[in-house]
S.K.: 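Please read through the structure below; I'll follow up with questions.
Order of the sequence lines fixes the chain letters, A, B, ..., with proteins taken first and strands second; residue numbering starts at 1 for each chain.
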Amino acid sequence: MDPLSESGMRTPHNGAVVQRRSKTRSYRQSYRSCLGTASRLGVTPALTARRLNASRRAAKPQNLADKVNPEHLALLVKAEWQLSYVTPLYQFRHTQLRSYSRQLAAFIVAEKQQGLAVEVSELHNSYRVSLSVVQGLTESEDDAETVLIQIHSKPMFARQDEPQRSVWSGWLTCVHGSPEYLRSLPKDFTCLPLFGSRGPEYLSRVVKSWFQKTFDCCFGSLEINHTSLQWFAALWTDCHSQSHIQHLRMLWTIPAAPPLQITYTVDPQDAWDLWNSVRKEATAAVTEDAASIDLEEVTGFLQALKSHFYRHFRLDLSAGTLQQVSTALGSAKSSGRIKMSNSRHVIATLTLLTECALLRMPI
Amino acid sequence: MAETLCLSDSDRSSSSDQSVPSRSNNRSLRIAEKERKKNEAEDSFVLALRYFSEVEAGTPVTGNDELDRNLAVVEKVAFSKGLSPEAISVLLEFAMSLRMGSSPCVRVLKCLIPASVVPQQAVVRAVVWLNVSKIPISTQVLFIKWVLTVFDLIDAKDQLRAIYGFIFSFITEENLCPYICHLLYLLTRKENVHLYRVRKLLELQSKLGRQPFLMHLLSLYKVFCPELVTLSIPSRIRSGFKNYISPWKSALVAVQKSNGQQVSSSISAAFTIKEKSISRKRKHCHLDLPALSSVLNKEPQSEQTSRRKMVPLVHLSSFAQMLKDMHRIELPAQMGSLLGSSLALQYLDCVQEESALLRLNFWLGCALHEEFLFCRQTSEEALQFLNNLLSAQHFLQEGFSSSDAFLYKFLNVWDGSLLRPQILGLLSNIPVIPSTQIGRLLFEPLTQLFFTSSMFFKCGLMECLNNMLLKWLTWHSVYALEDDLDISLNSHTSINITLSGFKDSVMELVHFVGRLASLGLQLEGCNTLLLSFILDFYETVCDTFLKFGLPLVVMPPPGVFYPALLATDPVSVDRLAYIMHRYKLNLTSAKSQEKQTEPQQAFHISRHTFRQFNHYLVFMVNCLWNCRMFHANTDMHVREELLHKSNVPQYWTRFDFIHHPAFTGYAVDFHQKCWPGKKDVDVNSIKQSKPWSWYLEYLFNQGFDGLKDFVHSSISRQVTAGDKLQDSQQR
């Protein structure tokens, strides 16, 4: 009945922080450990919201052909990929890829057979899956090596001797991932946040579902937002001096009735000149790291393009949304489709996309 | 057991007949009578069956009472207990042979509810009858439908498969075709697939169009013999065989249930249901809890784990078993599956592995973000998912960090009505937020929501914030006790919340609610319901020191205090009195403790709090007790002339216990009870010493315990000797 003396005992001394017993150190968010655990688990982004980098290095053209297997490189470029983000993979081992290939193949067959009343022997050997490491497609030591997934199969009514064709391919990658985030993960986790796939939707679904079941990860679609598309426009234009971009084409939709779609194509030289005029002061100001590009310059560049359009057509593109950006170096669509046409700029593109994917991580 | 039900009943009834006399000595006559009646009923059923098996062809139907009677008997048995295999054989034979024309045929078919199995022989014979007798097409359809319904109950299928070709020949009949296709689908084996049948089907397809039933059968043929069917079949055909309304299904389920059998749903139902669940899964893939399954990919285990054998969580079925194997439980492949099972939740409560919790949080966060943040929805699944999550959090008495992270984002886009109870429930589980962040993460979005939403949202939010505060305070009291005081005032690391940090957060929250409450009461015209939720909150706040051991006392703002004191309902005033009483206890004990402890260690409750409390207390006592409402030193400054102008007589007494709008009713009632004869009610007469104490007693007896505590603790009555005597007598 006399809680006073008790609470008197509870008043704090000026002592040092006593370590909490490990029991309460689980996910328990007692007020002592709440932020302690949180920041280690990467929850802090909720508290201090993660943002897209406001400045990034200009895309240095890299001759990836020296580092990366040209066969793999050829697969990556020239094709359009549907993007997703993936939460970190639990207990994924780059050394076990051969066994994963077998498991995935068996899983695909099992999924195919679901709903069939009878076992069909032909299905068994109809899929060949290969998971392989794409060496050299990393930029920092925290990045995990890229994994390439290929599924080969014979067409439904192929003749016996017909060779298997590649029906689906995908990759998981991490290029220049935020080191703080990557280091905050326990070592059981492999962070390959960016997933690209190409092929029939049902195979994508099956592959995702196998990854979810095996590595306890989650997939979500990765849209490329307005800001990222602007970055692409700027980054690609910036490359014009090294590799000809042919054109800078942007697709805008204007919320008018009826909906208006505008394709805005800029001559490469004009775009380059405009970009340089926006860049000029910046390069003058920064002496050391001249190659870095600021978000301000990007928005300035796009603003200039918009005002040019306005002068001609009396239509303010700011009211609309940027849906798609394409140059000879590649194309990016807001729906999350990316095409990298030039192997020399793959790293820059993947860096930006990795950043977008990491932004989508739930914690 | 069920097989011997009908025809063989005759034997059984005779045997029981024999047993009746021997036992009738100790059995009452009534039971014997009942038994006899039952036997009679069974007899009549046997007779009816005999009638159907022996009736001659061409017997007239109209005016045939015997037929009517027997049909009625059969129907009664069929719908109550189901028919034995023998009975089905007899009746099916009778119906399909059209011995008495087609009208009794339909009636008999409609009551063919098997109690256990259907003899294959009967079905084969009936199929043969299809060709021989002139059965109307509608009846033929009815028969095939019946076969499809009871297909799983047919005891063997070999003979049916043997007449595959015969059944196939009916496919040309346009009305029968869909049902025949379904039947063939169920019967087809690889050896049944022939080129001429494929051709026939394709020919039909060209005639009827791409009908789903033809496509299904063709796709099955293609599975068996892909070389014969070159037609491309869409990977997903829209729906399975049409799940037509079968007249027998419900009766069959009822009969089987009463017979204590497992309900074996017909193939057609299973087929379509499965199709549906697949398509639904695709839409909301994130909301399905993954199945609890063990790890697929066994690592080449480290020596430490390989030494002991691991037990997958799936294999545990009881709490006792879990306790036994606690040290060697293997986590499931997908941590999200833990949310679905209460046993797993129990284990989760003591899991220490950081990566396991991280996996769970990744999954949960991803599901919440994908389903609620990136695309809004209010489906049944979403509701179910959140309720699951809430009950898991409730079970663990804690929120998951990923759901907190989600909420901080979601609050900014929430409209305040989407899944409101669930979201507010999750919100109340949010752990303590440092005071530097709390404004941006919580208060800004909540303020917007509060002032743009309905009264009910305001009440809901008040309740939610009260729960949140309660949980924070409980955490504090539990961990402060458990860890034997390891809370440091001066933290070495920035990430730990110290006691003072915690106090700051709580203070921020209480002040925030105070602001919301003051303005909310103004906006809603001091709504009683809202006031009640606000007083709930202050009932928690006033006890932070005594109940939770947190050296912090925060007084309610005037915007809450005065509306509660001047409320028109007595309950609010009573609760305010209780709250003031608790404040007093908390403050006095805090003060006495402050004196005991050394100055530099002592916590400090600011003088402002004491002053504010005293201020409120004086006003309250003046108002309710001393009839000095508009005393000079109060917040409520009303100019003298204005009060005079209002023409309220004795305005200073208007809010005492007698005249307070919340209590006048009681005063009048008391007056009537005290002076029953008096015609004109003068409540002022209660003011006299003796009636006054009676009146108080009367009020306290009405259940106003808060007022009672308040009066006893805060008002020292200057009582006369007589009163004292009376008081002591009463106790």
S.K.: Contact part of A:Q212 toward chain B, heavy-atom cut-off under 4.5 Å: side chain, backbone, both or neither?
M.R.: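 Both backbone and side chain.
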S.K.: Please round to the nearest 0.5 Å and tell me the distance separating atom CG of A:D216 and atom CZ of B:F362.
M.R.: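 The CG atom of A:D216 sits 10.5 Å away from the CZ atom of B:F362.
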S.K.: Does B:T436 have any side-chain contact (heavy atoms from CB on, under 4.5 Å) partners at least two apart in sequence or in another chain, and if so, which?
M.R.: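 If we apply the side-chain contact (heavy atoms from CB on, under 4.5 Å) test to B:T436, skipping adjacent residues, the hits are B:P434.
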S.K.: Heavy-atom pairs under 4.5 Å with chain A are the metric here; pick the option from B:C366, B:G365, B:A367 that has the most.
M.R.: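 Of B:C366, B:G365, B:A367, B:C366 has the most heavy-atom pairs under 4.5 Å with chain A.
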S.K.: Which residue in the set B:D404, B:N361, B:L364 passes side-chain contact (heavy atoms from CB on, under 4.5 Å) when paired with A:I363?
M.R.: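 Of the listed options, the one satisfying the test is B:N361.
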S.K.: How long is the gap from CZ on B:R359 to CG on A:L89, to the nearest 0.5 Å?
M.R.: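 It is 12.0 Å, given to the nearest 0.5 Å.
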S.K.: Drop me the distance from A:S221's OG to B:E370's CD, to the nearest 0.5 angstrom.
M.R.: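 So the OG of A:S221 and the CD of B:E370 are separated by 5.5 Å.
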S.K.: Taking atom OG1 of A:T87 and atom CG of B:L358, what is their separation to the nearest 0.5 Å?
M.R.: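 If we round to the nearest 0.5 Å, A:T87:OG1 and B:L358:CG are 9.0 Å apart.
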S.K.: For A:Y202, is it the side chain, the backbone, both, or neither that has a heavy atom closer than 4.5 Å to a heavy atom of chain B?
M.R.: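 Neither part.
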S.K.: Any luck finding a side-chain donor-acceptor pair between A:Y90 and B:Q334 under 3.5 Å?
M.R.: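 Short answer, no.
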S.K.: Is A:D188 reaching over with its side chain to a backbone N or O of B:S355, donor-acceptor style, under 3.5 angstrom?
M.R.: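 Not a single qualifying donor-acceptor pair exists.
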